[in-house]
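Here is how names work: the chains are called A, B, and so on, in the same order as the sequence lines, proteins then strands, and each is numbered from 1.
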Amino acid sequence: MSAPTTPSSSDATSLDRYFEPTQHEREIYRRWEASGAFRADASSEREPFVISMPPPNATGTLHTGHAVMLAIEDLMIRWRRMQGREALWVPGTDHAAIATESRVIQNLQDGGMADPRAALGREGLIAEIAAFVESSRDTIRHQIRAVGSSCDWSRERYTMDPALNRCVTAVFGKMFRDGLIYRGPRIVNWDPSLQTTVSDDEIEHVERRAKFYTLRYGPFLVATSRPETKLGDTAVAVHPDDERWAEWIGKTFEVPWPKGPTITVRVVADESVDPETGTGALGVTPAHSQIDFEIAERHGLPMIQVIGEDGRMTAAAGEHYAGMTVLECREAFAAELDAAGLLESVEDYSQNASICYRSKQPIEPLPKAQWFISVDEPAVDWRGRKLSLKQVMREVVTSGDIRILPEHQERTYFHWIDNLRDWCISRQIWWGHRVPVWYRGDGEIYVGHRPPEGDGWRQDDDTLDTWFSSALWTWSTLVDPEAAADPDASLAELLARSPDYRAFHPTHVMETGYDILFFWVARMILMTTYATGEVPFETVYLHGLILDKHGRKMSKSHPETAVDPLEVIEEHGADVLRLSMLIGNAPGVDLKLTPERMVGCKRLINKIWNAAKLMQATVERILGDDATARGLPAPPENVEHPVNRWLLARVRALVERVDARLEAYAFGDAAELVRGSFWGELCDFYLEAVKVEPLASERETAETLRYAFATYLRLFHPFVPFVSEYLWGALLATDGDDLLIRAPWPEPVENHRFEREAEGVAAVERLVAAVRGVRVEQGLEPGAKIELDVQALDHAPSLRAAEAIVARLVRAEALRFVEEEAGGASDDGAAVAVDPAFRVTVRLGAADREAERRRLEKQLADIEKRLVGLDRQLANENFLAKAAPTAVESVRRNAEEARATRDAARARLDALS
RNA sequence: AGACCCGUAGCUCAGUUGGUUAGAGCGCUACGUUGACAUCGUAGAGGUCAGCGGUUCGAGUCCGCUCGGGUCUACCA
């Protein structure tokens, strides 16, 4: 292939046989970027349109979830940019604390370092991780580019940037002073394999088979799936109204566990106990169960920790069991109970076990002092009221300040809020934003961005949950790095001194997968409303998951059916990848991505390419040397021919409809509309029509065609930016700087309505279809020439203007227009088709009267059936009285037309017999 | 246990506030083309809109129940 990578206006406009994406995409992207089209101007007078890109893991690689996210966001950004909005799409990456740290530790261990934490120390390990991130983050950057993302790289951010760290500590400090952040001992979700706590939302539940033990417990029978925790019980709880146990309430007894400690157990009455469940008596293990911990708090019960952070039994479990893993101890203890006659029964049942969403390992509830964000403390100033974080989160959605798409996800969101408990934000890992708290002596505490003055201070060892920093993403990315460098500035001052923040926040759309609605979207709402007094975004668009052909979520565990977006780009180009994810896309709807789907998209790209070639050839043929004129064609003004007018009217309608669907976030619909009109109206009809005279040589045809094509290209651009940009450059651009990405979005042209011609050419299309129908019904030889007599009942100008087109499309040798019906009865060698707009007589050498009769009878039956329905509706007084007048009118008109068509068909049928 | 979503042509899905004859792509069948089209065009077959009941002049669309598939949430000892 010897074609220039970048077409320019001076080249002869000959296009290759087909579009070769791999040859052009990189260069086209480079030109977009170099042109400055991606960069937003904070001082612009234009209305902004802003999207914060959900930051991928800095060390990750592009997967289908990213691809659909990028395709949708780039679509919105390109569309709004062409509309004239100051479009800003902020890209960036996330430090993904746990995922990155465990990956690097694994790498080091694979390299022979047994315990990287011990070997390297905190500083050393962090340096190691930072180096790893630095070396691998270019990968994801290049992949984001490869999809064609028109994001503003000059504003790229990273969740560990100094400015973002500044925001993190500023928010932490403010929350601490407002009493929203506190440190306290609670039962936390401990992941022994990762050696850190995780939040409630980072837990997954998996169903699995387990044993259900009922054991004798002093005077009680108590049921549990985790007998080993009973070594740390300090109470039995019963319902206060449960008469079976009334006499025991308040009493204390001792349980000597076989080969274990003797525990002292108090009987307490607690409303939370369900008398119907199990034996109605609940063994209370305050240290290893959330609910038991709460009971213990209410009754002032002691706590015994029998499971340690290493996932093994502690000394408190007794010498015999100490050091065993939880599972070993469960087996051993159950055996001892059984031997001692204390095990009443063991049953199989299925249980929902908690595992960590990162490590997929079991979560161990443990007592631990951690940092929490209170979600119930009414400490947030929100538009003149003091609300809790929960209340604000609810308020902004119910008030409509934030709209969630699909709408039903709002219910899921509210449900989540209702069940939300205080958010544990401290993690026992080293990679992340370190908790900005220093301690001295006992009890002295300092919270701030910098270490406090004086000696003896020690910083908290923990880091913050990754989601703490990503929750600030929409605005921390807009905070000015220089302003952030001032360590004394308050949060409010930071924001006030940041031009980007003032110009571009709140953002407009947050587009992401529904699987991180809680992790991230809800937390951005929580943090941003609190920190800035603004919502982070106005609309939340949640895309569906990308599924494989079996309907499974694509994942590495099923590589045989998973689609690798990078391979698709390599094989078919980024346009095909994007289109296959946009066609059929609707909020919240999962999308099955199959090879067939991509083939269909590839064909469309090919069709656009070929139509461009024909368009150009046609224009050059008509205009000759004048065809070299460049630039965005103005809407043609003095177009006369009905078919040209029809195309302009169709284009006008298309622009209107596409805009409406895009505004409604119905991206799949918009894509279908453009494709359908382009293929069906422009290619199948118009481009065929302009092959014959007089259209084929009218100057206005060239104008119409160029304008229409330029409009389609612009409408296609947000969906398939590369091929559309290439064709723009090859055929329309005035020079190398004239890029489609910057072209104005088409607007519906008011004087292109041409309603009469639009209907007229629709009648032409029906005429063509009717004659083709006759050909099929009559079983004519495909090559057989026919002669037509057309009587125009309506739309005569359009029908006459399209004479040659019809003749060509139906392969007619002659086409005559007649004023009156040419005596159907006597006309044996002819078939007649009827329509409200025309009556067409197809003359054939050897007409099959029977075939025509069958055809007419079928048409008559269809139309009579329809007429019965319409008449019944018109006879229904309720309908006439209650239905909308336009609906009634429309039915009446249709009935009239149907009646006319029926009468004509009947007359012809009579004539035949 | 609760909540939510889905069930429309062989497959993947549209169907916008209830309104005339339920659509598209892919696949299939037949025919035609190869001077825009690693093709493309034309035509065709194929649907009790999961089932039952209700509201309504009118239901794929709204309501209830049933069945089937999926997802999420939850402190069942």
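Of the candidate nucleotides B:rU42, B:rC72, B:rA36, B:rA36 has the atom lying nearest to any side-chain atom of A:K613. With B:rU12, B:rA38, B:rC75 as the choices, the nucleotide that has an atom nearest any side-chain atom of A:R421 turns out to be B:rC75. Taking every side-chain heavy atom of A:R411 into account, B:rA3 is the closest of B:rA77, B:rC75, B:rA3. Distance from the side chain of A:D684 is smallest to B:rU42 among B:rU16, B:rA77, B:rU42. The side chain of A:I291 approaches B:rC75 more closely than any other nucleotide in the set B:rU73, B:rC75, B:rA36. Picking from B:rA74, B:rU12, B:rG27 the nucleotide with the shortest atom distance to the side chain of A:H205 gives B:rA74. Candidate nucleotides B:rA24, B:rC72, B:rU12 were compared by shortest atom distance to the side chain of A:R675, and B:rA24 ranks first. Distances from the side chain of A:H408 to the nucleotides B:rC5, B:rA36, B:rU42 place B:rC5 closest. When the nucleotides B:rG27, B:rA77, B:rC72 are ranked by their closest atom to the side chain of A:T412, B:rC72 comes out on top. Nearest nucleotide to the side chain of A:A611, out of B:rG27, B:rA36, B:rG19: B:rA36.
Using modelled atom types and a 3.5 Å distance limit, the side chains of A:D270 and A:S272 yield a donor-acceptor pair. A donor and an acceptor atom, one from each side chain of A:T285 and A:D233, are located under 3.5 Å apart.
Nucleotide B:rU73 holds its P atom 16 Å from the OH atom of A:Y413, rounded to whole Å. Summarising the geometry, the separation between CG on A:L593 and P on B:rC26 is reported as 16 Å, rounded to the nearest angstrom. In this structure, A:M598 atom CE and B:rC26 atom P are separated by 15 Å, rounded to whole Å. Atom CZ in A:R808 sits roughly 18 Å away from atom P in B:rG32 (whole-Å rounding). Look at CG on A:L673: it is 12 Å from P on B:rG15, rounded to the nearest Å. Atom pair A:D590:CG and B:rU71:P shows a separation of 10 Å (rounding to whole Å applied). Counting to the nearest Å, the C1' atom of B:rU21 and the CD atom of A:E897 are 13 Å from each other. The nearest whole Å value for the distance from the CD atom in A:E410 to the C1' atom in B:rC4 is 13 Å.
Here the separation of B:rU61 from B:rA43, taken at their P atoms, is 31 Å to the nearest Å. A gap of 24 Å separates the P atoms of B:rG53 and B:rG10, to the nearest Å. Taking atom P in both B:rU8 and B:rA50, one finds a spacing of 6 Å when rounded to whole Å. Rounded to whole Å, the separation between the P atoms of B:rG60 and B:rC49 comes to 7 Å. For the C1' atoms, the distance linking B:rC13 with B:rC52 amounts to 27 Å, nearest Å. Across B:rU66 and B:rU56, the matching P atoms stand 24 Å from one another, rounded to whole Å. If you take atom C1' in B:rA14 and the same atom in B:rA22, they sit 11 Å apart, rounded to whole Å. The same atom, C1', is picked in B:rA74 and in B:rC4; the two are 15 Å apart, to the nearest Å.
In this structure, B:rU56 forms no base pair with any nucleotide, since neither Watson-Crick nor G-U wobble geometry is met with both distances under 3.5 Å. B:rA22 is unpaired under the criterion used here, namely a Watson-Crick or G-U wobble arrangement in which both key atom distances are under 3.5 Å. Using N1 to N3 plus N6-O4 or O6-N4 for Watson-Crick, or N1-O2 and O6-N3 for G-U wobble, each under 3.5 Å, B:rU34 pairs with nothing. Across every strand in view, B:rU48 sits unpaired, with no contact that passes the Watson-Crick or G-U test at under 3.5 angstrom. As the counterpart of B:rU29, B:rA43 is assigned, both hydrogen-bonding distances of the Watson-Crick or G-U wobble pattern falling under 3.5 Å. Under the Watson-Crick or G-U wobble criterion, with both distances below 3.5 Å, B:rA1 is paired with B:rU73.
A:D669 comes within 4.0 angstrom of the backbone, heavy atoms only, and of no base. Among the heavy atoms of the strands, none lies under 4.0 Å from A:F293. As judged by a 4.0 angstrom heavy-atom cut-off over every strand, A:K691 is placed among the base-contacting residues. Residue contacts for A:V273: at a heavy-atom cut-off of 4.0 Å it reaches a base atom on one of the strands shown. Across all strands, A:S890 comes closer than 4.0 Å to base atoms (heavy-atom distances). When heavy atoms are screened at a 4.0 angstrom cut-off, A:E294 is found touching no nucleic acid atom at all.
Of the side-chain N and O atoms in A:W679, one or more sit less than 4.0 angstrom from OP1 or OP2 of B:rG41. An OP1 or OP2 oxygen of B:rA38 is reached within less than 4.0 angstrom by a side-chain nitrogen or oxygen of A:N606. Taking 4.0 angstrom as the limit, A:R772 places none of its side-chain polar atoms (N or O) nearer than this to OP1 or OP2 of B:rG41.
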>> Pair A:L647, A:F685 - check side-chain contact (heavy atoms from CB on, under 4.5 Å), show working.
In response: CA-CA 10 Å; A:L647 181 65; A:F685 188 81; over 6 Å; no
> Checking salt bridge (charged side-chain N to carboxylate O under 4.0 Å, His left out) for the pair A:R523/A:D201: CA distance, chi angles, key distance, verdict?
Replying inline: CA-CA 11 Å; A:R523 298 230 157 100; A:D201 291 296; 2.8 Å; yes
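Taking for each of A:R661 and A:R226 the nucleotide of RNA chain B with the nearest heavy atom, the 5'-most of the two is the partner of A:R661. Heavy-atom distances to RNA chain B give each of A:D200 and A:G283 a nearest nucleotide, and the one nearer the 5′ end belongs to A:D200.
With salt bridges taken as basic N to acidic carboxylate O contacts below 4.0 Å, one links A:E364 and A:R226.
In this structure, A:F667 has its ring center closer than 6.0 angstrom to the ring center of A:Y541.
With a 4.5 Å cut-off on side-chain heavy atoms, A:Y413 and A:V540 do not count as touching.
Applying the 3.5 Å distance criterion, the base of B:rA36 shares a donor-acceptor pair with the side chain of A:E688.
Taking CG of A:L582 as the start and CG of A:D669 as the end, the distance is 12.5 Å to the nearest 0.5 Å.
By the 6.0 Å contact criterion, NZ on A:K211 is open, its count of non-hydrogen atoms from other residues, nucleotides or ligands being 12 or less.
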